[in-house]
Amino acid sequence: MSDQNIIDLEGRKPTYEWRKMVRGGIVAVLLIVLLGVGLANVFVVKEGEYKVVRQFGEVVDIIDEPGLNFKVPFVQTVTTVPKYQMLYDEAGAEINTKDKKRMLIDNYVVWRVEDPRMMIDSLANIINAETKMSEFVFSVVRTELGQLNYDEIVNDEKSSRGSLNDRVTERVNELLAKDGYGIVVTDVRMRQTDLPPENEQSVYTRMISERESTAQDYLSKGDADKNIIIAKTDKEVREILAKAEADADVIRGAGEGEAAKIYNDSFSKDPEFYELYRTLESYKKTINGETVIVLPSSSPYAQLLMGNME
């Protein structure tokens, strides 16, 4: 054989440096993979939330303190449950009042998870918790409103709305605690109460009729009070006028008596002057531009009228 057909295998073997580089690359890849796995299994607990750690589906830990935490790779999973208060809008529902009237009610509920482990064991998740809470709220609201008449619910003057919300909240919490659901209702409020469309017009008509009847009662009472006041005023006026006339008669009588006394005193002092004065006064009443008097010329009355003072 010629030397040209001989293959130098020793020359084709990898050098030591090349093998070292390959080994270093493998180690780097392994470190990156380990770092990625480690970071993937780090989780952060924030304010206002619970972190639920599960292992093969079973809850093994619940963390509620903020900070960094770790889970076992490929074995444990982490889910989040809100710790803060949440708002749940109830769908509108129809109920019957004590006086057999139908109403559409619309509620909202403020609630929170108090014991996440208990909530998960009994309800599994937030959606189921809201569903169960909604069932209790509707049941309690229907029972409470069923004990009230329609006008007690919608009329602000007679409404028990304030205490009703408190009673509903308290009763719902009792039911949730009894069955151990791990959630607490902070407040239940009726946002709106409406009538079914087919009942609105009849109720509006009845309300208008009631208001008109109330207005008529006020008008009738006002008229009655007015008549009483007028009658009382007329009576007082008559009494005042009668007293005034009586006082005037007394005063007039006293004045006439005083005048008669003065006349008598004057007459007794100078009877002739008094007679002359009375005669002159009579001329004022009997003589004017058209008066015709027929008297004997020798009459003292005529003599005095013609200026004969003797």
Side-chain angles (χ1 to χ4, degrees), residues 19-93 105-143 165-166 168-191:
R19 286 181 298 194
K20 184 178 180 179
M21 291 177 61
V22 171
R23 191 180 300 114
I26 294 172
V27 171
V29 170
L30 289 175
L31 289 175
I32 292 173
V33 171
L34 290 174
L35 179 62
V37 171
L39 292 176
N41 289 278
V42 173
F43 61 93
V44 179
V45 181
K46 300 178 181 179
E47 288 284 352
E49 67 180 14
Y50 300 101
K51 288 295 185 180
V52 180
V53 181
R54 300 172 187 264
Q55 184 169 312
F56 302 114
E58 296 294 330
V59 177
V60 295
D61 195 11
I62 294 178
I63 305 170
D64 59 357
E65 294 295 330
L68 287 174
N69 294 271
F70 299 89
K71 65 183 179 67
V72 178
F74 311 111
V75 176
Q76 294 180 339
T77 59
V78 178
T79 56
T80 301
V81 174
K83 185 190 291 186
Y84 52 80
Q85 294 195 125
M86 293 169 281
L87 179 66
Y88 178 73
D89 281 324
E90 289 264 342
I105 59 170
D106 184 12
N107 301 323
Y108 70 86
V109 183
V110 180
W111 69 288
R112 62 184 173 84
V113 177
E114 184 177 51
D115 188 330
R117 186 183 297 274
M118 189 179 293
M119 187 274 291
I120 292 171
D121 290 342
S122 58
L123 299 169
N125 53 50
I126 295 295
I127 295 177
N128 292 340
E130 289 179 336
T131 301
K132 178 59 66 175
M133 178 183 64
S134 176
E135 292 175 0
F136 284 154
V137 169
F138 175 70
S139 175
V140 174
V141 169
R142 181 179 57 187
T143 301
N165 292 326
D166 295 338
V168 171
T169 301
E170 181 179 357
R171 180 57 182 155
V172 171
N173 280 327
E174 290 175 358
L175 295 174
L176 292 172
K178 177 182 177 181
D179 294 335
Y181 290 116
I183 61 177
V184 173
V185 171
T186 305
D187 195 13
V188 177
R189 293 285 164 179
M190 282 194 298
R191 181 166 46 198

Which pair of non-hydrogen atoms, one from [X] and one from [Y], has the smallest distance, and what is that distance?
X: Pro116; Y: Ile62; value: CG-CG2, 3.7 Å
X: Leu123; Y: Ala129; value: CD1-CA, 3.5 Å
X: Arg112; Y: Tyr84; value: CB-O, 4.0 Å
X: Met119; Y: Ile183; value: CG-CG2, 3.8 Å
X: Glu49; Y: Val44; value: OE2-O, 3.6 Å
X: Gly180; Y: Ser122; value: O-OG, 3.6 Å

Student check: side-chain heavy atoms of [X] and [Y] closer than 4.5 Å:
X: Arg117; Y: Asp121; result: yes
X: Tyr88; Y: Val137; result: no
X: Glu65; Y: Val45; result: no
X: Val60; Y: Gln76; result: yes
X: Val110; Y: Met86; result: no
X: Arg54; Y: Ile120; result: yes
X: Val188; Y: Thr169; result: yes

Is there a donor-acceptor pair closer than 3.5 Å between any side-chain N or O of [X] and the backbone N or O of [Y]?
X: Lys83; Y: Asp64; value: yes
X: Thr143; Y: Ser139; value: yes
X: Asp115; Y: Gly182; value: no
X: Asn173; Y: Val185; value: yes
X: Asp179; Y: Tyr181; value: no

Quick one: pull up [atom1] in [X] and [atom2] in [Y] and give me the separation to the nearest 0.5 Å.
X: Asn107; Y: Arg189; atom1: CG; atom2: CZ; value: 11.0 Å
X: Glu135; Y: Glu90; atom1: CD; atom2: CD; value: 10.0 Å
X: Trp111; Y: Asp187; atom1: CH2; atom2: CG; value: 15.0 Å
X: Met118; Y: Leu176; atom1: CE; atom2: CG; value: 11.5 Å

More than 12 non-hydrogen atoms from neighbouring residues, nucleotides or ligands closer than 6.0 Å to CD1 on Ile127, yes or no?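 At most 12 heavy atoms, drawn from other residues, nucleotides or ligands, come within 6.0 Å of this atom.
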